[in-house]
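Order of the sequence lines fixes the chain letters, A, B, ..., with proteins taken first and strands second; residue numbering starts at 1 for each chain.
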Amino acid sequence: MGFSFELAVFGSTIAILIIMGFLLYYFAVDYRRNLLGNGNSELPKKESNAILSKMSRELSFTAFIMDDSKSIGIRYIITSLALFFIAGLAGIGMRLSLWFPNPSFLTPVQYNILLTAHGTLMLYGWAVGGILGLSYYLLPTSIRLRKDSLGVVSSIMYWMFLVGSLFIIFSRSTATWYFYYPLVDQLTASGGGTLSFGSLIGVMLILVATVVSSIIFLKMIFLDRDESIRLSNLPLFAWSIVSTAFLIIASAPVSIIADGFLIYDLINPIFFQAANGTALAYAILFWFWGHPIVYVAVIPAFGLIYELLPRFTGTKIYSYKAGVLSLLLLMVLSGTVWGHHLFNSGLGTVWDLIFSTTSFIVAVPSAMSVFNWIATMWVGRIRITVPTLFIINAIIDFIIGGVSGVMAADVGVNQLIHGTYAITAHFHFILLGLTTGMAFAAIYVLFPTLTGGRNYNIPMAKVHFYLTSIGTWVMSGFWLVGGFAGMPRRVAGYFGIFQTYQDAAAIGGVILGLGYLIFLINFLYSGSRPVETGTGNILEEEVSA
Amino acid sequence: MRKTTPLAIFVIVLLAAGGSFVWFVEQSGGSSATTIAPYNSTQVIVLYANYQGWNYNSSIPNPTLYEKTHVLLEFKVIEQDNLPHTLTINPGSNESASNYIVSVNIPAVTGTIVWVNWSFANPGIYTYWCEVHPETMVGKLVLNSTTSNTTNASVASPLPPEIADIVGYSSSIHSPYALRDANEEVW
């Protein structure tokens, strides 16, 4: 075995992180003392951390050396934003390469690397990471945390999340985000990539971090919230985190075990071989988590809409109880629909029909939420701001994405559009419009707090909104039509008859990319201006029920 | 927030995104041996995977394979005993690859056929083996350069005539346009 550049990079990354940890511990003690002041720094750590996590805290790299919930939220927000841009650039690369039917500036292997990086990082890095960040940031104030213990555990979980993301980036796997069995264990350039197992390890680290963080959220909400907040007036964002956390704890360990089996199969292939278990066994284990993860990305966005909409319409939410019921029903029902990813894999007609039915039923709680939001907007006076635009766009995109999802849940229609861009369009409508849109809406709402008293530039923010909204529609819309015409997804080239759809989608992708670039420029421009406003924000100040 | 923080985050995000993109599309794989060498002709090699040895039921178990560089070697691996196997080929002595050249799992169902292709750039003596049964299932793969026909002629493989009739084995000179079936080689 000769010198391996990739292994050297892996090893030195881990070594640097460990050294950094030792150094920063000593800085952390000083920073905390300064922030807390003399009186509070003598308190036990779980109480002083609770004070820290209820302060209005700004984006700062000192967050990386403190372990109260707000700091950990800021860490996750910064990291997941960086991962979002990494994965987004990979997506735009794929779009541009598909301008011509034959693979143009990307070889198929390069395309597959980008495809895997885009999918894995967007889901595990941006969706999961962003949700962990917003939860750690918002929960302490919204439930008025009494004591903030387990900060060390949260901190370790964050570093595991970061190392996992780096593993995914450095592995250059081509096995796509679901790591189907025979491909992921073929460690060749034409198989899953020579370092494909690195991304498996990365995903396992991220999943462990997610599960442990979910347990910490449940502990915060059920054990450590203020006595004045009863379950009957728990904020809906907290309810959405309850729902998400239970979903993660119930399903993610299955995927961790399946990934462990895959790694063992590299050494001694016994788990998913045809004689012992099958490749389908892995698919089942994976999708048992693989479907809940998309609800993990969606339900907190629901919670954010529930929290933000009353503040921009000047009313209470139309029906608090229906909102809670909808979030809890989503938690239960979304755990039962994973089989609809395997309609064409031979589960059998009866199972197909069961999963088709549950997939239809899961539309009911989603529609309850949508009608709840529409009713809230109906009775209130809508104040059009940038976050409101994102909310309205999220609701519309979720309706379109949801309806196309219900169509795909039909076994017959699914045979037609399985593996086509119609599916890609379905989840990009939801993940771009709802998840990403609501994350950016929350960032805009939190902007004065995060930047320490600066307002974002409203015209630039509106350009960001309109470009991303139009880009989503152009890209996903043409995918949806092309998908029903039979345009296959996950391929580096395509038949010439699909060029219209692909070129339009490429234009949409570039529009999207420009939109997010303008967000970055806006952040740089507005964040560098002098302080002009308070550090409060409407999401954290008032606790409504 | 300090005035430099947004700039720092802006630069970090741009560098991370751009650097990752370059990392993703830079896929040379480290060393030359992990990329398949160009080839003009193909050669099919049939191997039976048996825990007692490769091609254990034939006259020559664990045969030494004599092949040429710049020929696409198509390994047709047939499962024989319901046990998990791999076909793994180590890099040769004059190569600095850190990974196996060929590494493929054979599903543990008798009769399953797995194809794996490779074309070698460098002559030398390689080892092909099964990672699950490295004691018994191990053999040599001798790669001669394409131009030197003399050494190749002296090590022509002994093949029973009845098998040669079935698979249409034809010495070591292969037409690039030969059909795959006529080109199969059973050791």
Report yes if the distance between the aromatic ring centroids of [X] and [Y] is under 6.0 Å, otherwise no.
X: B:His70; Y: B:Tyr39; answer: no
X: A:Phe167; Y: A:Phe10; answer: yes
X: B:Phe10; Y: A:Phe523; answer: no

Review point. For residues B:Glu131 and B:Thr88, is any side-chain donor paired with an opposing acceptor at under 3.5 Å?
Key: yes

Review point. Taking atom types as modelled and ignoring hydrogens, do the side chains of B:Tyr51 and B:His85 form a donor-acceptor contact shorter than 3.5 angstrom?
Key: no

Heavy-atom distance under 4.5 Å to chain B: side chain of [X], backbone, both or neither?
X: A:Leu106; answer: side chain
X: A:Leu83; answer: neither
X: A:Arg57; answer: neither
X: A:Tyr181; answer: side chain
X: A:Ile78; answer: side chain

Exercise for review: Measure distances from B:Ile12 to the heavy atoms of chain A and classify the residue's part below 4.5 Å as side chain, backbone, both or neither.
Suggested key: side chain

Review point. By a 4.5 Å heavy-atom criterion (distance strictly below it), what part of B:Ile106 contacts chain A: side chain, backbone, both, or neither?
Key: backbone

Check your understanding: Are the side chain of A:Thr116 and the backbone N or O of A:Ser173 linked by a donor-acceptor pair below 3.5 Å?
Key -> yes

Point to revise | Neighbour count above 12 (heavy atom, 6.0 Å) for B:Glu135 CD | key: no

Revision key, fill the gap. Looking only at A:Phe170, A:Phe5, A:Phe105, the option with the highest number of non-hydrogen pairs under 4.5 Å against chain B is A:Phe170

Exercise for review: For chain A, find which of B:Thr5, B:Asn105, B:Val104 contributes the most heavy-atom pairs closer than 4.5 angstrom.
Suggested key: B:Asn105

